[in-house]
2 protein chains.
Amino acid sequence: MSKGEETRKQVLEAAVEVAASSGLASLTIGSLAERTGMSKSGLFAHFKSKETLQVQVLEFAGEAFIQDVVRPAVSAPRGEKRVLTLFESWLATARDGTAECLFVSAAWEYDDQPGAVRDRLVRMHLDFRDSVAQMFRTGIAEGFFAADADPEQFAHDLHGIMLIYFQAHRLLGDARAEERARRAFSRLIESNR
Amino acid sequence: MSKGEETRKQVLEAAVEVAASSGLASLTIGSLAERTGMSKSGLFAHFKSKETLQVQVLEFAGEAFIQDVVRPAVSAPRGEKRVLTLFESWLATARDGTAECLFVSAAWEYDDQPGAVRDRLVRMHLDFRDSVAQMFRTGIAEGFFAADADPEQFAHDLHGIMLIYFQAHRLLGDARAEERARRAFSRLIESNR
DNA sequence: GCGCACGCCGAACGATCGTGCTATTTTCGT
DNA sequence: ACGAAAATAGCACGATCGTTCGGCGTGCGC
């Protein structure tokens with residue numbers, strides 16, 4: 001890996017942390033430069049614009065999210081076990097990770113602001129939703145879930161469970177958030193069996 | 001109503017709109033002044049600081065949210081009808097309104113940023129959650145829902161349904177979002193009956 | 001090991017940020 | 001109607017924003 005590529009990744013790593021707690025829009029070149037010990041212009045040279053930086057941060061976090069959430073699931077046995085693994089790894093990532101935090105906050109920061117960042121964000125959400133639906137669909141084919149269950153609806157509902165868990169956990173500091181998430185998930189699985 | 005109070009409300013009205021689409025943190029005195037036809041300093045004088053402005057925006061939107069969502073519910077018959085009315089008015093507000101949009105985005109903007117804004121936001125969320133739980137609890141007492149159903153869990157789950165509806169509707173532009181929300185709600189009610 | 005591209009820096013730019021001051025105008029109780 | 005009080009404007013401040021440019025040093029292909 002060339003020198004430039006290496007520092008670029010270091011910058012993105014720091015940027016994901018900052019963006020996860022302060023929001024993607026409030027990423028500033030200056031604070032990011034200070035945090036990484038670089039000069040503003042030196043850092044800026046790696047990304048031609050702030051928007052490019054934001055998109056790259058999104059992609060960087062996206063890869064981490066796939067590693068942490070999707071990969072454990074797809075390497076689990078097809079069917080119910082896979083969906084359960086998805087839920088558990090997603091929950092763990094939402095509890096401790098930074099990537100999920102970034103996506104969730106960015107989703108509402110950019111839901112009304114057209115541009116490259118929003119476009120990228122929408123595509124990632126749609127891709128992930130399709131992945132979840134596909135895992136569930138496989139579960140139907142294997143006979144774990146009801147034949148007339150709706151995979152898109154399942155992906156939708158599961159995402160809702162994660163969103164409210166995330167809010168209860170991060171904003172409200174609700175100690176019972178995880179318990180509630182598990183209960184909601186159990187009922188979702190049950191009603192699709 | 002005194003002159004000052006009147007312009008203050010006009011400013012807050014504009015501020016809610018801006019904050020709903022750009023986020024509460026990116027509210028700027030300058031753009032707000034231009035939007036309302038005032039001078040920066042003239043506008044600023046109404047709020048001693050930007051943080052005060054943000055808190056007041058939050059409270060202003062909170063009153064609107066209560067008017068649009070909670071009030072229709074509490075004026076509906078106790079029990080299942082009330083919970084259903086809550087869902088419908090909440091859904092309508094989430095679809096078209098600005099207040100809900102503000103709360104949702106603010107929830108993630110400030111989930112990691114201590115201060116008066118976050119404190120106020122947390123309190124509003126807790127208050128609302130309690131209101132929802134109480135409506136459900138009344139429904140239990142009236143025999144509409146299962147005696148062993150969990151009101152807090154219901155409020156939690158319902159909020160999750162709204163969050164994912166909001167994301168599907170605003171970010172993804174999913175035309176079937178509302179249909180999915182209704183289906184999820186029906187199943188939530190069913191499993192608590 | 002030479003040469004050049006690339007990484008990085010310092011300085012500067014116009015703009016805008018939040019927030020003070022000081023006037024000036026407008027409102028409002030008496 | 002007058003005077004106090006409130007509302008608003010004008011101006012300026014230091015800071016920080018994203019971005020550009022010219023130069024310096026160093027890593028990397030030949």
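Chain letters run A, B, ... following the sequence lines, proteins first and then strands; every chain starts at 1. Below, all heavy atoms of this structure are taken into account, side chains as well, without hydrogens, waters or symmetry copies.
- When every heavy atom of G79(B) is checked against every heavy atom of F144(B), the shortest pair comes out as CA-CD1, 3.5 Å.
- For K40(B) against dG18(C), a side-chain-to-base donor-acceptor contact under 3.5 Å is present.
- Applying a 4.0 Å cut-off to non-hydrogen atoms, the residues of residues 42-62 of chain B that approach DNA chain C are F44(B), S49(B), K50(B), listed by residue number.
- Using a 4.0 Å cut-off between charged nitrogen and carboxylate oxygen, E88(A) and R182(A) count as a salt-bridge pair.
- Proximity note for S39(B) (side chain, C-beta onward) versus dT8(D), dC8(C), dT19(D): the nearest is dT8(D).
- Using a 4.0 Å cut-off between charged side-chain N and carboxylate O, E13(A) and R8(A) make no salt bridge.
- With sequence neighbours excluded, the residues forming a side-chain contact (heavy atoms from CB on, under 4.5 Å) with D150(B) are R176(A), R180(A), R183(A), E152(B), Q153(B), listed by chain and number.
- Ring pair W90(B)/F185(B): centre-to-centre distance not below 6.0 Å.
- Note on K3(A) versus E6(A): no salt bridge recorded, every NZ/NE/NH1/NH2 to OD/OE distance being 4.0 Å or above.
- Every salt bridge (Lys or Arg N to Asp or Glu O under 4.0 Å) that D112(A) has, sequence neighbours left out, goes to R170(B).
- No continuous path of ILVMFWY side-chain contacts below 4.5 Å connects V104(A) to L58(A), so the two sit in separate hydrophobic clusters.
- Listed here is the closest heavy atom pair of P72(A) and T85(A): O-CG2, 3.5 Å.
- For the pairing with F103(A), the ring pair (Phe, Tyr, Trp, His ring centres under 6.0 Å) check across F60(A), F166(A), F65(A) returns one residue only, F65(A).
- Each end of the helix from dG1(C)-dC30(D) to dT30(C)-dA1(D) gets its own rotation axis from five pairs of C1' atoms, and the angle between them is 30° to the nearest 10 degrees.
- Contacts between residues 16-28 of chain A and DNA chain D, defined by a heavy-atom separation below 4.0 Å, involve L27(A), T28(A), listed by number.
- D130(B) and R137(B) are not joined by a salt bridge, as no carboxylate oxygen comes within less than 4.0 angstrom of a charged side-chain nitrogen.
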In B/S/- notation (B base, S sugar-phosphate only, - none; protein heavy atoms under 4.0 Å), nucleotides 21-30 of chain D written 5' to 3' is B---------

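- Put simply, L163(A) and Y165(B) are part of two different groups of oily side chains (I, L, V, M, F, W, Y) that touch within less than 4.5 Å, one to the next.
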